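Below, each value reflects all heavy atoms present in this structure, side chains not excepted, and no hydrogens, waters or symmetry copies. Keep in mind the model is a prediction, meaning the values are calculated, not measured.
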Amino acid sequence: MNAAALKHLSEVDPLMAELIREIGPCLLAPETWRSPFQSLVQAVAHQQLNGTAANTILTRFKKLFPGRKFPKPEDLADVTDAQIRACGFSFAKIKSIRDIAEKTLSGVVPTSRQIVKLSDDEIVTRLTAVRGVGRWTVEMLLIFQLGREDVLPADDFGVRSGFRIAYKKREMPRPKQLLAFGEKWKPHRTTAAWYLWCAADAAKKKK
């Protein structure tokens, strides 16, 4: 994310300015090479799990498809639910992955070329039609794959926790409260969210 984002956030929000000084430059680097299919499967793997556990499951999953860095939607027809389950996916997540593959092949999930032409709201509408894919999952794709600059995942535990810590609140903000507060951060809410994640991570390390 660029210097204009840091300048804007620092000017409109003194506490965010303090956070930026403490943490330093924003190091968020979207993985634009990933396909929407891959991003959604990876996001489903990370739902309700820590990063280490999710990545272990994904590594096992990728081994089911030798010769590929990551499977294509049509490759899912070559493996059974039992094989995917053995990787560590729950039955609910297996159904989600199957539906992501099916809806990619049918065109509901856009291709890499198509998705960059869609607005954030259009992407949310299209992708939340997929089983097990909610707004949070799509917001992770918008941030970490597409690099969209104005996404505030207000339901994210880390973002809410970081806000409570950085703004010295007794309680976690409700998503609506966070969205209302975050209006001042527009059009650079993604960068603000990244700093809130950093604040939450820094607090964990101090424990």
Side-chain angles (χ1 to χ4, degrees), residues 1 28-51 53-159 175 179 187 189-190 193-194 197:
M1 299 296 161
L28 180 59
E31 296 179 343
T32 53
W33 47 266
R34 286 195 325 218
S35 68
F37 171 73
Q38 181 177 345
S39 289
L40 288 175
V41 171
Q42 291 186 182
V44 166
H46 280 81
Q47 287 171 354
Q48 299 170 321
L49 289 177
N50 66 47
N55 288 329
T56 299
I57 291 168
L58 283 165
T59 298
R60 292 181 196 138
F61 176 68
K62 287 185 276 190
K63 285 180 180 174
L64 295 177
F65 309 92
R68 290 208 187 278
K69 287 184 178 178
F70 200 87
K72 293 189 178 298
E74 54 269 27
D75 296 335
L76 271 289
D78 298 330
V79 295
T80 65
D81 286 0
Q83 286 175 293
I84 302 174
R85 180 78 182 97
C87 298
F89 283 107
S90 66
F91 289 113
K93 288 187 177 183
I94 291 168
K95 287 179 180 177
S96 291
I97 291 167
R98 294 280 188 200
D99 199 44
I100 293 165
E102 183 184 311
K103 285 190 166 65
T104 300
L105 293 171
S106 68
V108 174
V109 174
T111 65
S112 296
R113 283 187 180 182
Q114 291 168 340
I115 201 166
V116 295
K117 298 174 184 175
L118 301 176
S119 70
D120 292 358
D121 288 341
E122 286 172 322
I123 293 168
V124 170
T125 300
R126 289 270 289 266
L127 299 188
T128 51
V130 179
R131 184 188 187 111
V133 174
R135 186 177 185 92
W136 175 86
T137 302
V138 183
E139 287 171 338
M140 296 305 103
L141 179 148
L142 290 170
I143 292 171
F144 294 107
Q145 184 206 330
L146 297 178
R148 297 294 172 95
E149 294 186 357
D150 196 34
V151 181
L152 179 57
D155 291 303
D156 185 88
F157 180 83
V159 170
L179 284 171
R189 290 181 295 174
T190 298
W194 185 84
W197 273 316

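- Residues satisfying the salt bridge (charged side-chain N to carboxylate O under 4.0 Å, His left out) test with D156, not counting sequence neighbours, are none.
- In this structure, D120 and E139 have side chains that are not in contact, with every pair of non-hydrogen atoms separated by 4.5 Å or more.
- Closest approach of P153 to A193, counting heavy atoms only: CD-CB, 3.9 Å.
- In this pair, W197 and F144 present their aromatic rings tilted. The plane angle is within the 30 to 60° band.
- Across all their heavy atoms, R148 and I115 have their closest contact at NH2-O, 3.4 Å.
- Distance alone, capped at 3.5 Å, is enough to place a donor-acceptor pair between the R60 side chain and the C87 backbone.
- Nearest approach of Q114 to P110, heavy atoms of both residues: OE1-CA, 3.3 Å.
- Remark: side-chain polar atoms of T128 are not paired, donor with acceptor, to backbone N or O of G134 under 3.5 angstrom.
- For residues 71-82, every residue pair satisfying the side chain to side chain donor-acceptor pair (under 3.5 Å) rule, not counting sequence neighbours, is listed here: R68-D75, T80-Q83, D81-R98.
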> Checking side-chain contact (heavy atoms from CB on, under 4.5 Å) for the pair T32/L146: CA distance, chi angles, key distance, verdict?
Replying inline: CA-CA 6 Å; T32 53; L146 297 178; over 6 Å; no
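- Counting only heavy atoms from C-beta outward, the side chains of L152 and T190 never approach each other to under 4.5 Å.
- Nearest heavy-atom pair across V41 and I100 is N-CD1, 4.1 Å.
- Checking side-chain atoms of T104 against main-chain N and O of F37 turns up no donor-acceptor pair under 3.5 Å.
- Put simply, the side chain of D99 never gets that close to the backbone of V130: no donor and acceptor are under 3.5 Å apart.
- Residues S35 and F70 form no side-chain contact, since every pair of their non-hydrogen atoms from C-beta on lies 4.5 Å or further apart.
- Atom CZ of R85 has more than 12 heavy atoms from other residues, nucleotides or ligands within 6.0 Å.
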> Q145 and R34: side-chain contact (heavy atoms from CB on, under 4.5 Å), yes or no, with the steps?
Replying inline: CA-CA 6 Å; Q145 184 206 330; R34 286 195 325 218; 4.2 Å; yes
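- No side-chain donor-acceptor contact under 3.5 Å links K62 to the backbone of P71.
- Residues satisfying the ring pair (Phe, Tyr, Trp, His ring centres under 6.0 Å) test with W194, not counting sequence neighbours, are none.
- When only modelled atom types and interatomic distance are considered, T137 and Q47 share a side-chain donor-acceptor pair under 3.5 Å.
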